[in-house]
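Quick one: structure below, then a few questions.
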Amino acid sequence: MTLTAFAQRLVDAVGADCVFTSADDVAPWLADWRGMYRGNAQAVVRPRTTEDVAKILALCQSTGTPVVPRGGNTGLCGGATPDASTQNVVLSLDRMNTVRSLDTIANTLVAEAGCILEDLQRAARDANRLLPLSLAAEGSCQLGGNLATNAGGVNVVRYGMTRELVLGVEAVLPNGEILHGLRTLRKDNTGYDLKQLLIGSEGTLGVITAAALRLYAPTPVRQVVIAAVTSPRQALALYELLFAACGPRMQAFEFFTGECVDLVMAHVPDVRAPFGERHPGYVLIELADTTDEQALAALLERVIETAIERDLCADAVVSSTLGQVEAMWKLREEISEAQRADGPHLKHDVSLPIEAIPDFMTSAEARVRRVCPQVRPFIFGHFGDGNLHYNLSRPAGEATDFMAKHGEAITAEVLDEVARYGGSISAEHGIGQLKRASFAKYKSPLELRLMREIKAVFDPAGIMNPGKLL
């Protein structure tokens with residue numbers, strides 16, 4: 001196969017085994033996993049070292065070649081999918097998957113960006129430590145993508161978003177310079193925190209190649225309860241009680257509606273309803289601690305008894321075995337898969353002040369139903385940190401392209417309501433291609449101007465992940 005002049009320069013820089021240019025080799029890298037976006041690229045490059053990444057970016061900047069960093073391709077906003085330009089180079093760090101160090105005194109783990117999250121969790125666990133970042137795609141998502149999108153997940157209530165777990169990063173700037181910032185210091189009060197600009201930037205400022213992460217003491221003692229609630233407001237009152245009584249032991253507080261459970265039961269095998277009768281909503285709560293399973297179980301039982309006495313939940317089931325824990329979590333974790341089986345959904349990953357969630361759910365539904373009276377809502381999320389996945393499906397009996405035709409008008413109603421409550425149009429999935437127009441609408445002019453000025457400093461040639469974020 002004859003290479004273009006540019007492709008030959010890539011080969012000369014990093015080796016033929018890292019550069020892929022044939023149509024068959026490039027095709028699998030051009031679409032997002034949901035099939036919403038598809039673009040073009042002249043090459044896929046899979047370097048093995050940070051120095052290789054530096055050579056690639058320096059070459060691309062010198063030629064004005066756009067670069068699209070790609071992790072595990074588990075994102076929901078098209079942030080790792082190239083645009084229509086045939087000049088794009090897709091840059092995958094999947095071969096950079098080494099754990100460089102793990103320190104059980106400083107409680108830090110330094111890993112390369114291509115590491116699968118689940119592998120990093122396992123590495124920490126093997127060292128009797130905990131890496132608390134946990135999300136549904138952890139078996140295939142990569143650390144670099146988690147950092148680029150500031151991923152959230154189920155443990156944010158206790159441990160915070162990805163950026164709160166990062167002590168330092170190594171990154172390559174668009175001109176090929178390497179930012180050597182892999183510090184494991186807990187305190188470094190020396191000016192601007194450059195790593196935080198890169199975290200959440202969705203590959204538009206540079207390429208994170210490695211990160212130093214915080215580790216925690218393992219919490220092998222787990223107690224999970226599913227509580228039935230009559231309304232989001234009752235769930236909020238239950239959250240207040242749990243937070244006051246259990247403090248940092250509470251690491252997850254997940255809410256999902258009865259419609260979500262109905263969907264899971266219809267499309268996912270080997271799943272059982274949590275109660276004998278259906279309820280309007282459910283809350284899954286997980287407590288975790290380092291020791292004393294009996295004390296943790298007793299604490300949870302006391303709190304749930306109090307909740308029932310105060311009419312803060314209609315019913316509750318507490319786990320007694322690991323199998324029950326896994327079965328309870330399966331009800332929550334399979335919602336996305338059940339939605340995919342049901343057909344195209346209109347997905348909104350939003351965050352709100354926690355106390356505003358009940359009112360938002362009421363008023364947002366009223367607005368949506370004025371536009372589409374028969375829409376089917378499937379609402380779930382990380383209630384304890386204000387994150388709702390406000391997802392909507394076509395009316396029963398409508399064609400699967402219904403949301404493609406009517407989704408824009410419905411989304412406008414949802415996001416206007418989010419803004420009215422002082423929320424965010426993206427809680428944990430980023431902006432990517434999906435939310436660019438909304439990002440421009442709901443961010444203030446000053447914030448947008450400052451972001452563009454930062455972009456111009458880092459990436460004056462504008463080669464990094466074009467068509468995303470800004």
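Because the structure is a prediction, the values reported are computed rather than measured. Sequence positions, counted from 1, serve as the residue numbers for this chain.
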- Side chain to side chain, L117 and L133, heavy atoms closer than 4.5 Å: yes
- Task: Please answer whether the main-chain N or O of I425 pairs with a side-chain N or O of K435 as donor and acceptor at a distance below 3.5 Å.
- Result: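 Judged by distance alone, yes, a pair lies under 3.5 Å.
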- Show your reasoning for whether side-chain contact (heavy atoms from CB on, under 4.5 Å) applies to R122 and D119. CA-CA 5 Å; R122 186 180 302 110; D119 293 339; 2.9 Å; yes
- Message: For the CG atom on D270, are there more than 12 heavy atoms of other groups (residues, nucleotides or ligands in this structure) within a distance under 6.0 Å?
- Response: no
- Task: Give a yes or no on this: more than 12 heavy atoms of other residues, nucleotides or ligands lie within 6.0 Å of atom CZ of R186.
- Result: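 Atom CZ in R186 is packed in, count exceeds 12.
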- Task: Output the distance between atom CG (L331) and atom CE (M265), rounded to the nearest 0.5 Å.
- Result: 7.5 Å
- Query: Got a donor-acceptor contact below 3.5 angstrom from the E337 side chain to the E334 backbone?
  - Reply: no
- Quick one: closest heavy-atom pair of I226 and P274, and the distance? CG2-CB, 4.0 Å
- Message: Donor-acceptor check, side chain of D311 to backbone of Q234, threshold 3.5 angstrom: yes or no?
- Response: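 Flag not set: sc D311 to bb Q234 has no pair under 3.5 Å.
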- Compare every heavy atom of I357 with every heavy atom of G386, then report the nearest pair and how far apart it is.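 Closest approach of G386 to I357: CA-CD1, 3.9 Å.
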- Scanning both residues in full, the closest heavy-atom pair of P69 with V207 reads CG-CG2, 4.1 Å
- Item | Aromatic plane relationship, Y239 with F243 - under 30° parallel, 30 to 60° tilted, over 60° perpendicular | tilted
- Mind checking the CG-CD1 spacing from N146 to I116? Nearest 0.5 Å is all I need.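 Here the rounded value is 9.5 Å.
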- Query: If you look at every heavy atom in G152 and L135, which pair is closest and at what distance?
  - Reply: O-CD2, 4.5 Å
- Message: Taking M464's backbone N and O only, do any of them form a donor-acceptor pair with D459's side chain (distance below 3.5 Å, no angle check)?
- Response: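 Such a contact is found between D459 side chain and M464 backbone.
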- Message: Quick one: does any side-chain atom of D103 pair with a main-chain N or O of L109 as donor and acceptor, under 3.5 Å?
- Response: no
- Hey, are R100 and E170 close enough for a salt bridge, meaning a charged N less than 4.0 Å from a carboxylate O? yes
- Got a donor-acceptor contact below 3.5 angstrom from the N155 side chain to the P132 backbone?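 Checked: pair present.
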- State, yes or no, whether a side-chain contact exists between R394 and R376 at a heavy-atom distance under 4.5 Å.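 The answer is yes; the side chains approach within 4.5 Å.
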- Query: Has the side chain of R95 got a donor or acceptor atom that lies under 3.5 Å from a matching backbone atom of P47?
  - Reply: no
- Item | Straight-line distance of L91 CG to D52 CG, nearest 0.5 Å |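 Separation between the atoms: 10.0 Å.
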- Check whether any side-chain heavy atom of C18 sits under 4.5 Å from a side-chain heavy atom of R48, and report yes or no. yes
Below 3.5 Å, can you tabulate the donor-acceptor pairs from side chains in residues 358-365 to any protein atom, sequence neighbours excluded?
residue: D359; atom: OD1; partner: R233; partner atom: NH2; Å: 2.5
residue: T362; atom: OG1; partner: P358; partner atom: O; Å: 3.3
residue: S363; atom: OG; partner: D359; partner atom: O; Å: 3.0
residue: S363; atom: OG; partner: F360; partner atom: O; Å: 3.3
residue: S363; atom: OG; partner: E417; partner atom: OE2; Å: 2.6
residue: S363; atom: OG; partner: Y421; partner atom: OH; Å: 3.0
residue: E365; atom: OE2; partner: R369; partner atom: NE; Å: 2.9
residue: E365; atom: OE2; partner: R369; partner atom: NH2; Å: 3.2

- Message: Rounded at 0.5 Å granularity, tell me how far CG in N128 sits from OG1 in T104.
- Response: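 Reported to 0.5 Å precision, the distance equals 9.0 Å.
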- Nearest non-hydrogen partners of A227 and C313, listed with the distance: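 Here A227 and C313 meet closest at CB-CB, 4.1 Å.
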- Note on the structure: Between the CE atom in M451 and the OG atom in S201, the distance rounded to the nearest 0.5 Å is 11.0 Å
- Taking the side chain as every heavy atom from C-beta outward, state whether Q433 and K468 have any pair of such atoms under 4.5 Å apart. yes
- Of all heavy-atom pairs between A316 and V225, which one has the smallest distance, and what is that distance?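 The answer is CB-CG2, 4.0 Å.
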- Y216 and Y159: aromatic ring centres closer than 6.0 Å? yes
- Taking it one step at a time, do L197 and K195 satisfy side-chain contact (heavy atoms from CB on, under 4.5 Å)? CA-CA 5 Å; L197 287 176; K195 70 176 181 294; over 6 Å; no
- Contact check, side chains of K347 and H389, non-hydrogen atoms, under 4.5 Å: no
- Message: Parallel, tilted or perpendicular, judged at 30° and 60°: which one describes the rings of F378 and H345?
- Response: tilted
- Item | Residues L241, V303; criterion side-chain contact (heavy atoms from CB on, under 4.5 Å); working and verdict | CA-CA 8 Å; L241 174 66; V303 175; 4.0 Å; yes
- Enter the distance from I304:CD1 to Q223:CD here, rounded to the nearest 0.5 Å.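 I304 CD1 to Q223 CD: 11.0 Å, rounded to 0.5 Å.
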- Item | S393 and D342: CA distance, side-chain angles, deciding distance, side-chain hydrogen bond (donor to acceptor under 3.5 Å, both in side chains) verdict | CA-CA 9 Å; S393 187; D342 182 67; 3.3 Å; yes
- Message: Less than 4.5 Å apart, side chain to side chain, heavy atoms only: is that true for D188 and R183?
- Response: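 Yes, side chains in contact.
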- Do the side chain of R129 and the main chain of L215 share a donor and acceptor less than 3.5 angstrom apart? no
- Query: Between the side chain of N465 and the main-chain N/O of G203, is any donor-acceptor distance below 3.5 Å?
  - Reply: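 Flag not set: sc N465 to bb G203 has no pair under 3.5 Å.
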- Task: Applying side-chain contact (heavy atoms from CB on, under 4.5 Å), run through E254 and W329 and close with a yes or a no.
- Result: CA-CA 10 Å; E254 301 286 304; W329 269 110; 3.9 Å; yes
- Item | Criterion side chain to side chain contact (heavy atoms under 4.5 Å, CB included) against M96, the qualifying member of Q142, E112, R46 | E112
- Query: Can you check whether F439 reaches L470 side chain to side chain, under 4.5 Å on heavy atoms?
  - Reply: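 The answer is yes; the side chains approach within 4.5 Å.
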- Query: Is the backbone of H382 close enough, under 3.5 Å, to the side chain of N387 for a donor and an acceptor to pair up by distance?
  - Reply: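 Such a contact is absent between N387 side chain and H382 backbone.
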- Task: Could you check if a side-chain atom of F458 sits within less than 4.5 angstrom of a side-chain atom of T204, using non-hydrogen atoms only?
- Result: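 F458 does not reach T204 side chain to side chain.
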